[in-house]
Structure formats: structure tokens, C-alpha cells
Amino acid sequence: MNKRVNILGLAFENTTLDGMTETIKQRIAANKKTFIVTANPEIVMYANEHADYMNTLKNADFIVPDGIGIVIGSKILKQPLEERVAGFDLMHNLLHVANEQSLRVFFLGAKEHVIPKTVQNISKAFPNLIVCGYHHGYFDWHDKSILTMVKEANPDLVFVALGYPKQEMWINDALPLFEKGIFMGVGGSFDVWAGEAKRAPELWRKLNLEWLYRFIKQPARWKRMLLLPRFLVKIIKEAKKSNCGNKKKHA
Ligand code: UDP
């Protein structure tokens, strides 16, 4: 099994949700600063169209396939990834680890009225983890006091829910200032924890239709959804290219 699979320029971890959780657990034990990106096809396409964002993602320690589109893409490229690792599920597992080890967790992002509910519900579910701080995600990008606040909280884990590309850009800028910590962008997960948004029911998730559920619930996202077919077309072109390359090699 390849450890990493290249999908349109990004090296995805070929692992499972449990495998990834274990890897991060080891990084926590070793005090290793870690940048995790959970990327879906929208993110891959955005990175392919924005070089600065692509470079930011390349600084990540781990890129995990959050979205069935990425797994399908890996199959078309004939380098199948083990499974989808949903950002929400990985965050859930890491909260569990934080709870077991009474780790310090900072939550940055979501709307001002949402974040206290997120924190309250997470604290209820995981009473042993330490909420070392939280802040909403609508702050001035140039206001460095937020960064100072996170740093002074001395977190073991920092979950950043600013949506892409902001959350990864924020983490990338912040990282050099920290000595330790697991940093992960989690998109709309805080809204789900707060009860402001719903995850797709389990059956939809099992059928790999979470994207369709989100589309029905948030039709305003349709423009972003158009990136998915474009992603698949790009993947098919890429697969053809590497097929031709292989044929030439063997000719
Ligand atoms: N958000 C934020 N600050 C911003 C823009 C967005 O805190 O400047 C939050 C927003 O309230 C939501 C999350 O980021 O909680 C974005 O969720 P979305 O599902 O759009 O994530 P994406 O799919 O864009 O990564």
C-alpha cells in the first residue's frame, strides 16, 4: 500500500480514520507540531487555481481525503485510497483523545453567537478536555491579537473553522510562532457541534451522498459544487496522460 497518493498536486495520506487518529496520537505524545488539512475536491481545485494556496497546503504534515470525490479520483488514477477520512470524524476522534489525556484545546472560528454553543456542547460531551480558549472567526485578518491569544492559551490542539482557504492560510501563518500543537482546519464542523447545521444522516453518509445532502440543505453552495465535475474531468485527463506515459515507457 502506498503511504501517499498524489491527486492533482496534493499528496493524500492513504490511511483510515483510525490509522490517522493513531498517527496524530503519536505526534501528540512526541510533542510534534502538526498541520492537518482535510481536503475535498473543492479545495483541490481551488489549490490548482491559486498557487499561494497550493503552497500553503504543501506545508501541511498530513492531507486527508475529506470527500468521496477524492476517493473516486484516486480510483480513476489507479491508486485507490483506503477510505474517506471526514474532517468531522477526525475532529471527533481527536476530541476523544484530548478527553482521555486532559489536553488543552483552543477553538477558533464560526459566528460569534455559534462558538459559545459549540464549546458548551463539546465540553458536555468531553468533560475532561480543557477548553483553554475560544474566539469567533470574524476578526480582522491583520489583527494579531487573536494569534497572541491562541499562543498564550498554550494549546495542545487548535481547531480552526474559518472555511477554506482562510483556515489553512491562518494556520500556515501561525505555525512558526508555536513550539507544539496539532492544528487542523475543520470547515463547518463548529456549526454542527452547535446544532446550527446538521450532518447528513448516517444512511446518506454510508451511501456516500453527504455532498448531495449538503447541496439540498444549502443550495447557495451550488456554484462551489460545480467544481466537482470539473475536478473529475481534470482527473480523467490526468489518468489518460499517465496511461499514455506508461504505454510509451513499455513500447
Ligand atoms: N467562517 C468564519 N470566518 C469567516 C468565514 C467563515 O468563522 O471569515 C466560518 C463559518 O461561520 C462556518 C465555517 O467558517 O462556521 C465555514 O464553513 P463551511 O461549511 O463553509 O466550510 P468550507 O466548506 O468552506 O471549508
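Quick note: numbers below take in every heavy atom, side chains included, and nothing from hydrogens, waters or symmetry partners. Every number for a ligand or one of its atoms is a count from 1 in the order of the listing.
Closest to atom 1 (N) of ligand 1 among all protein heavy atoms lies Y138 OH, 3.2 Å. Nearest to atom 20 (O) of ligand 1 among the protein's heavy atoms is R221 NH1, 3.7 Å. Protein heavy atom in closest approach to atom 3 (N) of ligand 1: G137 O, 2.8 Å. In this structure, the protein non-hydrogen atom closest to atom 24 (O) of ligand 1 is R224 NH2, 3.2 Å. Shortest contact from atom 13 (C) of ligand 1 to any protein heavy atom: G187 O, 3.4 Å. Among protein heavy atoms, atom 25 (O) of ligand 1 sits closest to Y164 N, 3.2 Å. Nearest protein heavy-atom contact of atom 7 (O) of ligand 1 is A110 N, 2.9 Å. With respect to atom 15 (O) of ligand 1, the closest heavy atom belonging to the protein is D191 OD2, 2.9 Å.
Using cut-offs of 30° and 60° on the angle between ring planes, the pair F183 and F178 is perpendicular. Between W141 and F139, the angle of the ring planes stays under 30°, which puts this pair in the parallel group of the 30/60° scheme.
When atom types are taken as modelled, the side chain of N14 and the backbone of E82 share a donor-acceptor pair closer than 3.5 angstrom. Not a single donor-acceptor pair under 3.5 Å links the side chain of R104 to the backbone N or O of C132. Under a 3.5 Å cut-off, the side chain of Q167 and the backbone N or O of L162 do form a donor-acceptor pair. Between the side chain of R27 and the backbone N or O of K33 there is at least one donor-acceptor pair closer than 3.5 Å. Checking side-chain atoms of T34 against main-chain N and O of K32 turns up a donor-acceptor pair under 3.5 Å.
Closest heavy-atom approach to atom 9 (C) of ligand 1 among the candidates G87, A161, G188: A161. Counting heavy atoms only, L162 comes closest to atom 5 (C) of ligand 1 of the residues V192, V114, L162.
Aromatic ring centres of H92 and F126 lie closer together than 6.0 Å.
Looking at D18 and T16, their side chains never bring a donor and an acceptor atom within 3.5 Å of each other. Side-chain contact, Y138 with E112: no donor N or O sits under 3.5 Å from an acceptor N or O.
For ligand 1, the polar-atom distance check against K166 finds a nitrogen or oxygen pair separated by under 3.5 Å. Considering backbone and side-chain N/O of G109, none are found under 3.5 Å from N/O of ligand 1.
Taking every non-hydrogen atom of K111 and a distance limit under 4.0 Å, the qualifying atoms of ligand 1 come out as 11 (O).
With a 4.0 Å cut-off on non-hydrogen atoms, H136 does not touch ligand 1 at all.
Contact annotation: R214 has at least one heavy atom less than 4.0 Å from an atom of ligand 1. Residue contact annotation: F190 has no non-hydrogen atom under 4.0 Å from ligand 1.
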